[in-house]
Structure formats: C-alpha cells, structure tokens
**Q** 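Have a look at the structure that comes next, please.
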Amino acid sequence: MFTISKIDLDEIKAAKDVLSLTWKNTYGKYFSAKAIKKITSRWHAEKLLLKQAKDSDVYFAAAKDKKDVIVGIITVRKVDADTLFMHRIYVNPKFQGMGVGSQLLDSSLKYFSEARKLKLECEKKNNKACAFYLKKGFKIIGEKDDEVEGVRLKTVVFEKELR
Ligand SMILES: CC(C)(COP(=O)(O)OP(=O)(O)OC[C@H]1O[C@@H](n2cnc3c(N)ncnc32)[C@H](O)[C@@H]1OP(=O)(O)O)[C@@H](O)C(=O)NCCC(=O)NCCS
C-alpha cells in the first residue's frame, strides 16, 4: 500500500511540509506556536534537510501512497560501524496507525543491515512515539534535559539491539 524509497533532492520541500504538519500536530499541545516555529526552523531548515539527503552516512527516506504523495519520513545516521542514530521518524497524522512507521523503520534497518544498535531521543511527553518505540523492541537507557532555541526539552533515550 505504501512504497519506501530514498528521498530525491527535488522532494525536500514536500518532505519539509510533512515534517511541519506532523510536528504541529504532535507538539502543538505541549509547546507554544513560537517555540514550535523556533525549533522547526532549525531542525527542518531546507539547507539542513538537503545536506542530510546528500550525506552517504545518512538514510533519508520517504513513504509514499499510491498517488506518489509523501506520507512519512525517516532519517537515520550511521554513527560508526555498529551504531545508528535516528534523527526523525514522522508520519502524516492522517496516515498514522497504518503501518507506515513500521515500514520506514524496517527499511532503515535493511539499509544498514550490518549495524548492531539503533539509538534515538524522544520528547518525554510524546506518549504515542514512546509507545511505538517500546512496541518495536527499544529499551529506555536514559533521560536528558536539553535546551533548543531557548525551549526546554526533556527527552528519553531509547536503544534497540539489532541482529
Ligand atoms: C510514532 C509514529 C512514527 C508511529 O508510526 P505509525 O505509522 O503511526 O505506526 P505503525 O502503524 O507502524 O504502528 C506500529 C506499532 O506501534 C504501536 N503504536 C503506534 N501508535 C501508537 C499509539 N498512538 N499508542 C500506542 N501504540 C502505538 C501500534 O500498537 C503498532 O503495533 P501493532 O502493529 O501491533 O498495532 C507516528 O505515530 C508519528 O509520526 N507520530 C508523530 C511524530 C512523532 O512523534 N515522531 C517521533 C518523534 S521522536
């Protein structure tokens, strides 16, 4: 039903739109509109997304529906021979709960089939994503206090053993 492929450079704008929409939907109830704008303008800057899409150590892929519309995004970086770090996984709210997140995650593990562990950090209040990661076999290995653009974030560090 959904196809996964590495993102083309001319799809960055569409990917950014999915990220903005999903970010607002996910964090709108926790952070002010100003804070969301500040964080997303840094994390989802077109220049940064383009750089990641061109980076050979990064798997930046999109899930598309049958009309070829992007419904989800994943970005995973190879940190070293054993370790992967997931920068983001975002599925358009209209398509959540339909297996898109699972397909994106599986595709990244297939792409980096030699890796031994996958780490990520998730906002503590984001119960939906935390439930998804636990369901997918991730374990909580720590917590962090971060500040991004003057906005305080409490994050949970997850890790999944691979192979
Ligand atoms: C988290 C997210 C990526 C999951 O993607 P998804 O396509 O909705 O997830 P899937 O349909 O593949 O679900 C996989 C499993 O996770 C579990 N899961 C997904 N959403 C859940 C929820 N809201 N509550 C509890 N469990 C959930 C399901 O039980 C499902 O298991 P099942 O196959 O046995 O039913 C997606 O909901 C999302 O984009 N959320 C907003 C953005 C976000 O928070 N990203 C992560 C930032 S760290």
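Residue indices begin at 1 and follow the sequence shown. Counting convention: from 1, in listed order, for ligands and their atoms alike. The structure presented is a predicted model; accordingly, all values stated were derived computationally and were not measured.
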**Q** Could you tell me the residue and atom name of the protein heavy atom closest to atom 47 (C) of ligand 1, and the distance to it rounded to 0.1 Å?
**A**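 For atom 47 (C) of ligand 1, the nearest protein heavy atom comes out as Tyr90 OH, 3.6 Å.
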**Q** Any salt bridge between Asp17 and Lys13, counting N to O under 4.0 Å?
**A**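 Between Lys13 and Asp17 there is a salt bridge, with a charged N closer than 4.0 Å to a carboxylate O.
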**Q** Show me which atoms of ligand 1 lie under 4.0 Å from any heavy atom of Ser102.
**A**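 Near Ser102, meaning under 4.0 Å from one of its heavy atoms, ligand 1 has 10 (P), 12 (O), 13 (O), 14 (C).
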**Q** Using the ring of each side chain (for Trp, its six-membered ring), is Phe85 parallel, tilted or perpendicular to His87, with breaks at 30° and 60°?
**A**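 Ring orientation of Phe85 relative to His87: perpendicular.
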**Q** When you look at Tyr111 and Lys6, which way does the side chain to side chain donor-acceptor pair (under 3.5 Å) test go after all the steps?
**A** CA-CA 10 Å; Tyr111 186 80; Lys6 281 193 87 178; 3.1 Å; yes
**Q** Check whether NZ of the Lys or CZ of the Arg Arg88 lies under 6.0 Å from the centre of the six-membered ring of Phe60 and within 45 degrees of that ring's axis.
**A**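 Yes, a cation-pi geometry holds between Arg88 and Phe60.
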**Q** Under 3.5 Å, is there a donor-acceptor pair linking the side chains of Lys136 and Ser102?
**A**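 Indeed, the side chains of Lys136 and Ser102 share at least one donor-acceptor pair under 3.5 Å.
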**Q** Determine whether any protein heavy atom is located less than 4.0 Å from atom 23 (N) of ligand 1.
**A**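 Answer yes: something from the protein, a heavy atom, is under 4.0 Å.
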**Q** Mind checking whether Gly99 has an N or O less than 3.5 Å away from an N or O of ligand 1?
**A**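 Indeed, backbone or side chain, Gly99 has an N or O that close.
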**Q** N/O of Gly97 under 3.5 Å from N/O of ligand 1, yes or no?
**A**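 For ligand 1, there is an N or O atom that lies under 3.5 Å from one belonging to Gly97.
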**Q** Do NZ/NE/NH1/NH2 and the carboxylate oxygens of Asp145 and Lys154 come within less than 4.0 Å?
**A**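 Yes.
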**Q** Phe95 to ligand 1: N or O pair under 3.5 Å?
**A**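 It does not: no N or O of Phe95 is found under 3.5 Å from an N or O of ligand 1.
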**Q** Could you check which of Ala131, Pro93, Gly72 puts a non-hydrogen atom nearest to atom 27 (C) of ligand 1?
**A**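 Going through Ala131, Pro93, Gly72 one by one, Ala131 has the nearest heavy atom to atom 27 (C) of ligand 1.
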**Q** Would you say Ala129 and ligand 1 have an N/O pair spaced under 3.5 Å apart?
**A**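 No, Ala129 has no N/O under 3.5 Å of an N/O on ligand 1.
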**Q** Going from OG1 on Thr22 to CD1 on Ile73, what distance comes out if it is rounded to the nearest 0.5 angstrom?
**A**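 The OG1 atom of Thr22 sits 9.0 Å away from the CD1 atom of Ile73.
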**Q** To the nearest 0.1 Å, how far is atom 45 (N) of ligand 1 from its closest protein heavy atom, and which atom is that?
**A**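 Nearest neighbour among protein heavy atoms for atom 45 (N) of ligand 1, to 0.1 Å: Ile89 O, 2.8 Å.
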**Q** Salt bridge between Lys64 and Glu11, side-chain N to carboxylate O under 4.0 Å?
**A**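 The answer is yes: the pair qualifies as a salt bridge.
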**Q** With a 4.5 Å cut-off on side-chain heavy atoms, are Trp43 and Leu19 touching?
**A**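 No, every pair of side-chain atoms sits at 4.5 Å or beyond.
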**Q** Checking Tyr90 against Thr26: is there a side-chain donor and acceptor pair closer than 3.5 Å?
**A**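 Side chains of Thr26 and Tyr90: no pair found under 3.5 Å.
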**Q** Thr26 versus ligand 1: do any nitrogen or oxygen atoms come within less than 3.5 Å of each other?
**A**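 Between Thr26 and ligand 1 (N or O atoms, distance only) the closest approach is not under 3.5 Å.
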**Q** Can any side-chain N or O of Tyr27 pair as donor or acceptor with the backbone N or O of Ile36 at less than 3.5 Å?
**A**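 It does not hold such a pair.
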**Q** Mark up the atoms of ligand 1 that fall under 4.0 Å of a heavy atom belonging to Asn126, in ascending order.
**A**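 Near Asn126, meaning under 4.0 Å from one of its heavy atoms, ligand 1 has 43 (C), 44 (O), 47 (C).
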**Q** What are the atoms of ligand 1, with element, lying closer than 4.0 Å to any heavy atom of Thr22?
**A**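 So the atoms of ligand 1 that pass are 41 (C), 42 (C).
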**Q** Between the candidates Met98, Lys128, Glu123, which shows the shortest non-hydrogen contact distance to atom 20 (N) of ligand 1?
**A**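 Closest candidate by heavy-atom distance is Lys128.
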**Q** Does an N or O anywhere in Lys135 fall below 3.5 Å from an N or O of ligand 1?
**A**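 Among all N and O atoms of Lys135, at least one is under 3.5 Å from an N or O of ligand 1.
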**Q** Identify the protein heavy atom lying closest to atom 38 (C) of ligand 1, giving its residue, its atom name and the separation to 0.1 Å.
**A**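 Ranking protein heavy atoms by distance from atom 38 (C) of ligand 1, first comes Gln96 NE2, 3.4 Å.
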**Q** Is there a donor-acceptor pair under 3.5 Å between the side chain of Lys139 and the backbone N or O of Phe158?
**A**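 Not a single qualifying donor-acceptor pair exists.
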**Q** Is Tyr133 in contact with ligand 1, taking contact as a heavy-atom separation below 4.0 Å?
**A**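 So Tyr133 counts as touching ligand 1.
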**Q** Could you tell me the residue and atom name of the protein heavy atom closest to atom 5 (O) of ligand 1, and the distance to it rounded to 0.1 Å?
**A**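 In this structure, atom 5 (O) of ligand 1 has Gly101 CA, 3.5 Å as its nearest protein heavy atom.
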**Q** Just to confirm my output: which protein heavy-atom neighbour is closest to atom 18 (N) of ligand 1, and how far is it?
**A**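 Ranking protein heavy atoms by distance from atom 18 (N) of ligand 1, first comes Phe132 CA, 4.3 Å.
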**Q** Please report which non-hydrogen protein atom sits nearest to atom 39 (O) of ligand 1, along with the residue it belongs to and the distance in Å to one decimal place.
**A**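 For atom 39 (O) of ligand 1, the nearest protein heavy atom comes out as Val91 N, 2.7 Å.
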